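Residue numbers run from 1 in the order of the sequence given. The model shown is predicted, which means the values in this text are computed figures rather than measured ones.
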Amino acid sequence: MRKRKKWGLVALAIVIILGIGIAGGSFYLYHFAFEPTPKVLNHSSHKSKSTLATNQKWLKTVKKQTWHETSATDHLKLVADFVPAAKKMNRTIVVAHGYMGNKEQMASYIRLWHRQGYNVLAPDDRGNGKSQGHYYGFGWPDRLDYVKWTKQVIQREGTKSRIGLFGVSMGGATVMMMSGEKLPSQVKAIIEDCGYTSVGDELSYELKELYHLPKFPLIYTASWVAQAKAHFNFLTASSVTQLHHNKLPIFFIHGSKDTFVPTKMVYQNYRATTVKDKQLWVVPGAGHAESYPQHPKLYTKKVTTFMARYLK
């Protein structure tokens with residue numbers, strides 16, 4: 001009897017220790033992944049950094065407007081830059097930035113589209129840049145914010161507006177996640193560059209790569225923390241699921257050497273949408289978000305040809 005009681009106490013102690021460990025790990029994962037804290041997860045090439053620095057200087061001096069919006073949930077004040085085309089134009093590209101990024105980090109792409117004669121709207125996502133918020137949405141709550149941004153484009157630029165969606169990394173996931181929503185008829189096409197299949201998949205991948213840990217149980221328990229703190233369940237945040245409902249032409253781009261968002265994810269995303277007007281370009285040798293810096297002329301030709309076809 002005494003021996004049985006002893007083993008019962010040992011078992012209870014083990015359960016308590018495991019519970020504390022899982023709880024601590026869950027809060028740490030949320031803090032690390034969702035809260036705006038300094039961290040370095042992906043290293044850009046020297047060429048990419050140099051190109052970005054040049055274009056950020058251009059973005060500071062180019063004529064632009066500051067737009068404001070209220071988030072679709074949580075009542076946050078959001079900010080965006082609107083860079084009008086050099087000549088009056090009803091075609092607008094809405095660009096979505098990456099993880100831990102902001103509109104300034106999209107300067108190279110803003111300039112790319114501006115050079116092609118488009119208006120460009122570049123928001124700061126919730127928790128990023130000048131927008132309010134204490135968490136990263138990984139594109140999921142942000143998808144609804146971007147729907148509101150497209151409606152503001154129509155309100156300001158007119159009902160004859162023709163809008164294209166463009167996103168890189170988390171921004172790529174954002175525009176894919178938008179594709180499953182009811183979008184204004186003025187939204188005509190989507191280009192995504194190196195977006196992930198789902199938030200759960202990406203976090204599970206990083207958990208294994210950075211900490212050599214399996215996704216069970218931390219991904220599931222961390223989702224409870226995210227639900228309480230950020231008010232959304234990231235396990236439902238799926239590009240693949242949203243793409244099943246997509247009706248728009250879409251162009252998928254991914255580097256063949258991407259180790260931050262593994263290249264295999266683009267094939268899953270590509271297969272998920274059944275629209276006939278879809279393209280896939282896996283860029284040989286390119287790392288994460290390096291397709292444009294490594295092949296600027298070819299990248300520009302491909303994305304602008306695709307978008308021009310639908311934003312006539």
Side-chain angles (χ1 to χ4, degrees), residues 44-67 79-98 101-124 129 146 149-150 152-154 156-158 160-172 174-175 186-195 248-255 279 281 283 286 288-312:
S44 299
S45 67
H46 175 74
K47 185 176 182 180
S48 179
K49 290 177 181 177
S50 176
T51 302
L52 178 60
T54 299
N55 290 319
Q56 285 179 331
K57 290 179 182 178
W58 166 83
L59 186 59
K60 285 182 179 179
T61 59
V62 72
K63 179 183 177 182
K64 58 182 176 292
Q65 304 165 12
T66 301
W67 287 15
V79 177
D81 279 346
F82 179 78
V83 183
K87 295 182 180 180
K88 184 66 176 176
M89 169 64 64
N90 67 349
R91 299 180 301 170
T92 300
I93 306 297
V94 179
V95 302
H97 66 73
N102 53 41
K103 55 188 182 295
E104 287 75 22
Q105 292 293 320
M106 294 296 285
S108 298
Y109 300 99
I110 295 170
R111 194 174 190 183
L112 182 162
W113 291 112
H114 184 262
R115 280 173 169 163
Q116 299 301 316
Y118 293 97
N119 306 313
V120 185
L121 180 67
D124 279 339
Y146 275 82
W149 282 120
T150 62
Q152 186 171 162
V153 169
I154 297 163
R156 286 174 175 258
E157 298 299 304
K160 292 184 179 180
S161 292
R162 301 181 74 81
I163 300 170
L165 307 178
F166 174 84
V168 178
S169 190
M170 185 183 79
T174 302
V175 296
Q186 289 86 349
V187 179
K188 301 298 183 182
I190 301 171
I191 299 176
E192 78 84 23
D193 185 341
C194 61
L248 294 175
I250 185 165
F251 186 9
F252 300 88
I253 302 171
H254 217 102
Q279 293 184 25
W281 181 32
V283 184
H288 187 67
E290 291 287 330
S291 297
Y292 178 47
Q294 287 193 19
H295 305 279
K297 291 183 179 179
L298 182 58
Y299 188 101
T300 299
K301 181 181 179 180
K302 282 182 174 288
V303 298
T304 56
T305 299
F306 179 86
M307 199 64 84
R309 190 178 305 145
Y310 304 104
L311 269 66
K312 295 178 182 177

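- With hydrogens and angles ignored, the 3.5 Å screen pairs a side-chain donor or acceptor of H114 with a backbone N or O of P84.
- The shortest side-chain heavy-atom distance between L59 and V83 falls under the 4.5 Å cut-off.
- Minimum interatomic distance between A289 and V168 (heavy atoms only, all atoms of both residues): CB-CG1, 3.9 Å.
- Side-chain contact between H97 and K103: absent, with no pair of heavy atoms (C-beta onward) separated by less than 4.5 Å.
- Nearest heavy atom pair, residue P123 against residue A80, reads CA-CB, 3.4 Å.
- One distance of note links OG of S44 with CD of Q105; it measures 8.0 Å at 0.5 Å rounding.
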*Report the C-alpha separation of Q186 and T150 in whole Å, then their side-chain angles, then the decisive distance to 0.1 Å, and conclude whether the side-chain contact (heavy atoms from CB on, under 4.5 Å) test is met.*
CA-CA 9 Å; Q186 289 86 349; T150 62; over 6 Å; no
*Take W113 and N119 through the side-chain contact (heavy atoms from CB on, under 4.5 Å) test and state the conclusion after the steps.*
CA-CA 8 Å; W113 291 112; N119 306 313; over 6 Å; no
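- Inspection of the Y299 and D193 side chains reveals an N or O donor paired with an N or O acceptor under 3.5 Å.
- Counting heavy atoms from C-beta on, the side chains of F166 and M106 come closer than 4.5 Å.
- Atom-to-atom distance recorded for I154:CD1 and W149:CH2 is 14.0 Å, nearest 0.5 angstrom.
- When all heavy atoms of V153 and S161 are compared, the closest pair comes out as O-OG, 4.0 Å.
- Between A85 and G117, the closest heavy-atom pair is CB-O, 3.3 Å.
- Distance alone, capped at 3.5 Å, places no donor-acceptor pair between the S50 side chain and the H46 backbone.
- Between the OG1 atom of T61 and the NZ atom of K57 there is a distance of 11.0 Å, given to the nearest 0.5 Å.
- Here the side chains of N55 and I110 are not in contact, with every heavy-atom distance at 4.5 Å or above.
- Between Y310 atom OH and I190 atom CD1 the span is 11.5 Å, to the nearest 0.5 Å.
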_Does R111 form a side-chain contact (heavy atoms from CB on, under 4.5 Å) with T54? I'd like the steps, not just the answer._
CA-CA 10 Å; R111 194 174 190 183; T54 299; 4.2 Å; yes
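- In this structure, the side chains of V94 and V187 stay at 4.5 Å or more apart for every pair of heavy atoms.
- L121 CG to T92 OG1: the interatomic distance, rounded to the nearest 0.5 Å, is 7.5 Å.
- Side chain of K188 to main chain of L311: no donor-acceptor pair is present (N/O by atom type, distance under 3.5 Å, no hydrogens or angles).
- By the 4.5 Å heavy-atom criterion applied to side chains, K88 and E157 are counted as neighbours.
- F306 and A189 make their closest contact through CE2-CB, 4.2 Å (heavy atoms, listed as atom of the first residue, atom of the second, distance).
- Contact of the V303 side chain with the W281 side chain is not registered, since no non-hydrogen atoms from C-beta on lie closer than 4.5 Å.
- No side-chain heavy atom of Y146 sits less than 4.5 Å from a side-chain heavy atom of L165.
- Residues G129 and D124 come closest through the heavy atom pair CA-OD2, 3.4 Å.
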*asked:* Assess the residue pair R91 and K312 against the criterion (side-chain contact (heavy atoms from CB on, under 4.5 Å)); give the C-alpha distance rounded to whole Å, side-chain angles, the decisive distance to 0.1 Å, and a yes or no.
replied: CA-CA 8 Å; R91 299 180 301 170; K312 295 178 182 177; over 6 Å; no
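- Note: F251 CZ to E192 CD = 10.0 Å, rounded to the nearest 0.5 Å.
- A donor-acceptor contact shorter than 3.5 Å is absent between the side chain of Q116 and the backbone of T304.
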